Amino acid sequence: VKIAILGAGAMGSLFGARLAEAGNAVTLVDVNAAHMESIARNGLVFDDHGDRRVIPIAATTDPATVGRVGLILLFCKHLHTRAAMKSAAPMIGPETILWTLQNGIGNVEIIQEFLPPERIAKGLTSVTAIVEAPGSVTTNFKGVSESFAWPVAGAVGPGLTKAVEIFTAAGLPSYLAPDIDYRIWRKLVVNAGLTMLSASVNVGIGPVGEGAAGQRLLSAIVAEVAAVARASGVDLKDADALAYLEELRRKAFDHIGSTTVDLQNGRATEVGAMNGAVVAAGKKLGVPTPVNAVLTDLVLLLEETRRVRLSPAI
Ligand code: NAD
C-alpha cells in the first residue's frame, strides 16, 4: 500500500520514520519546505528514545509528485486541515482512504468536504513527538504506545483493516475501536483541561492541578466537556473523565503541553478544535459551557496579545 503522510511535523515524521523503517512505501508531504528539503536530501534524523538514526524517506511539498496513494495519514494541526485537504486532491483516487490521528474534534467534518464518510477513519494516538530542527524529530514517549481507528461511516473495510495491520507491524500498535467516540471525547477532556489551562498560565501539565484553584477550574472544564459528550450520545461520566485527567496529569507531570509550546513559539493554537469546539457543540445541543467559553477566549487573547506581552510580574 502506498502511504502519504499529510502534515509531517513532529507526529507525521515519527509515524513516517517507523513505517519507512519497516519497509513501507511512504512519502512525507508538508508545506514546511526547510523540513521537507532536509529530509529529502539527508534523510530524517530520528532520535528514538536516545537511539539516533538517519532514515531515508521520501519527502515533498508537492502532493502532485506523489500521485495516487492507498492511504493518507492526516497529521497537520486542526487550523490547517482544510488547506491540507484542498492540496491533497492529486493523491486521492477512488480507493484512497484517509485516517486522521489529529487531536480535538471538528477535523472529520472538514475532511468530509473532500471525501465520502466510508473512506474516512477517525482516531487518536497516545504517542508523542517533537520537532527538534528542520529534518530532525525526537520521541521519548514512555507510556503504552497505541493508536485507534474507526470508520466515520461505521462499516470497517479491508483498507482500514490492512492499515491497522501495517502500522502494528511497523512498531505503531494500532487497533480498530468501535468505542472511538468515547476515546476521542475522553482525550478531549485532557486537552481541553490540562493542555489549555496549563498553557493559559504558562506552567507544565502537572503543576496546573496541584492547588485548589487549579482543581476547581479543571473540574468545571471537565464537567462541561463530559456534559456535551453525553448530549452528543457518548456516555462519559464526570467522575471517569476527571479520574482519567488526573491519571494523565500525574503520569505526564513534567511534560510541557503542546499549546504552551505553540504560544511560546508564536504559533496559533488548537484551542478551536478543543474548548472552542466544545462550546460550539454545546450551543447546538443546548448545553451551557461558560467556563470553556472563557478559557477559549483567554487562549485566543494570549495569541492576540503576544506582541505586547509584559515580562512576568512574579
Ligand atoms: P506539528 O506542528 O509538529 O506538525 C504539523 C505539520 O503540518 C507541520 O509540519 C506543518 O508545516 C504541516 N502543515 C501545515 N499546513 C499544512 C498543509 N496545508 N499541508 C500539509 N502540511 C501542513 O504538529 P504535531 O505536534 O505533529 O501535531 C499534529 C497533530 O497531532 C495535532 O492535531 C496534534 O494535536 C496531534 N498530536 C500531537 C502529539 C504530539 O506529541 N506532538 C501527540 C498526539 C497528537
Side-chain angles (χ1 to χ4, degrees), residues 4-17 27-39 44 46-47 59-66 72-92 98-108 110-111 114 122-148 172 174 183-184 186-188 190-192 194-196 199 205 248 252 255-277:
I5 299 189
L6 183 57
M11 295 298 283
S13 297
L14 161 67
F15 274 66
T27 305
L28 306 182
V29 184
D30 198 294
V31 290
N32 183 337
H35 189 48
M36 291 302 97
E37 275 163 23
S38 176
I39 295 169
L44 174 70
F46 179 36
D47 186 328
T60 182
T61 55
D62 182 4
T65 62
V66 183
I72 296 174
L73 180 67
L74 187 61
F75 249 142
C76 63
K77 289 198 164 151
H78 169 70
L79 270 177
H80 305 124
T81 297
R82 186 169 284 107
M85 288 306 301
K86 268 190 191 148
S87 77
M91 303 193 297
I92 298 176
L98 182 146
W99 182 12
T100 166
L101 291 174
Q102 298 162 286
N103 273 333
I105 54 174
N107 290 301
V108 167
I110 297 173
I111 299 162
F114 302 86
K122 48 188 167 180
L124 72 160
T125 182
S126 71
V127 182
T128 64
I130 47 172
V131 174
E132 292 291 354
S136 168
V137 294
T138 297
T139 186
N140 44 29
F141 176 73
K142 292 191 187 74
V144 180
S145 148
E146 45 188 19
S147 304
F148 299 94
L172 297 161
S174 300
R183 291 176 182 278
I184 287 172
R186 200 174 57 157
K187 186 166 191 197
L188 185 62
V190 175
N191 289 138
L194 289 180
T195 314
M196 289 301 157
I205 291 294
L248 290 194
H255 183 65
I256 311 278
S258 62
T259 303
T260 309
V261 178
D262 284 341
L263 288 172
Q264 287 171 348
N265 292 332
R267 289 193 299 250
T269 72
E270 289 189 293
V271 72
M274 295 170 179
N275 312 72

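What you see below is based on every heavy atom in this structure, not just the backbone, and it leaves out hydrogens, waters and symmetry mates. Order of appearance sets the numbers: ligands from 1, and atoms from 1 within every ligand. This one's a predicted model, so the numbers in the text were calculated from it and none came from an experiment.
Ranking the protein heavy atoms by distance from atom 3 (O) of ligand 1 puts A10 N, 2.9 Å first. Scanning the protein heavy atoms around atom 23 (O) of ligand 1, the nearest turns out to be K77 CE, 3.3 Å. For atom 11 (O) of ligand 1, the closest heavy atom belonging to the protein is D30 OD1, 2.6 Å. Closest to atom 21 (N) of ligand 1, if we only count protein heavy atoms, is G7 CA, 3.5 Å. Protein heavy atom closest to atom 4 (O) of ligand 1, with residue, atom name and distance, is G9 CA, 3.2 Å. Counting only heavy atoms of the protein, atom 35 (C) of ligand 1 lies nearest to N103 ND2, 3.6 Å. Of all protein heavy atoms, the one closest to atom 5 (C) of ligand 1 is F75 O, 3.7 Å. Scanning all protein heavy atoms for the shortest distance to atom 15 (N) of ligand 1 gives H80 CB, 3.3 Å.
Residue T125 has no N or O atom closer than 3.5 Å to an N or O atom of ligand 1. Checking only distances, L6 never comes within under 3.5 Å of ligand 1, N or O to N or O. At least one N or O atom of M11 sits closer than 3.5 Å to an N or O atom of ligand 1. The shortest N or O to N or O distance between E270 and ligand 1 is below 3.5 Å.
Atoms of ligand 1 lying under 4.0 Å from any heavy atom of T128, numbered from 1 in the order shown and given with element: 40 (O). Every atom of ligand 1 is numbered from 1 in the order shown, and the set under 4.0 Å from a heavy atom of A84 is 17 (C), 18 (N), 19 (N). Taking a cut-off of under 4.0 Å to the non-hydrogen atoms of A83, the atoms of ligand 1 that pass are 18 (N). Residue-ligand proximity, V31 to ligand 1, at heavy-atom distances under 4.0 Å covers atoms 11 (O), 13 (N), 14 (C), 15 (N), 16 (C), 17 (C), 18 (N), 19 (N), 20 (C), 21 (N), 22 (C). Residue-ligand proximity, V127 to ligand 1, at heavy-atom distances under 4.0 Å covers atoms 42 (C), 43 (C).
In this structure, the side chains of M11 and L101 stay at 4.5 Å or more apart for every pair of heavy atoms. Side-chain contact between H78 and I110 is present, with heavy atoms from C-beta onward closer than 4.5 Å. Counting heavy atoms from C-beta outward, H35 and L28 have side chains that stay 4.5 Å or more apart.
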Q) Run the side-chain hydrogen bond (donor to acceptor under 3.5 Å, both in side chains) check on H255 and T128 step by step: do they pass? A) CA-CA 11 Å; H255 183 65; T128 64; 5.8 Å; no
**Q.** side-chain hydrogen bond (donor to acceptor under 3.5 Å, both in side chains) evaluation trace for T81 with N107
**A.** CA-CA 7 Å; T81 297; N107 290 301; 2.8 Å; yes
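The line from CZ of F46 to OG1 of T138 is 8.5 Å long, rounded to the nearest 0.5 Å. Considering CE of M36 and OG1 of T61, their distance stands at 8.5 Å, rounded to 0.5 Å. Within the model, atoms OG of S174 and CH2 of W99 stand 4.0 Å from one another, a figure rounded to the nearest 0.5 Å. Between the CE atom of M85 and the CG atom of L6 there is a distance of 7.0 Å, given to the nearest 0.5 Å.
Residue A129 holds the heavy atom nearest to atom 41 (N) of ligand 1 of all those in A129, A273, P134.
Contacts of K187 with ligand 1, taken as heavy-atom pairs under 4.0 Å, involve the side chain alone.
Shortest non-hydrogen contact noted between S145 and V127 is OG-CG2, 3.5 Å.
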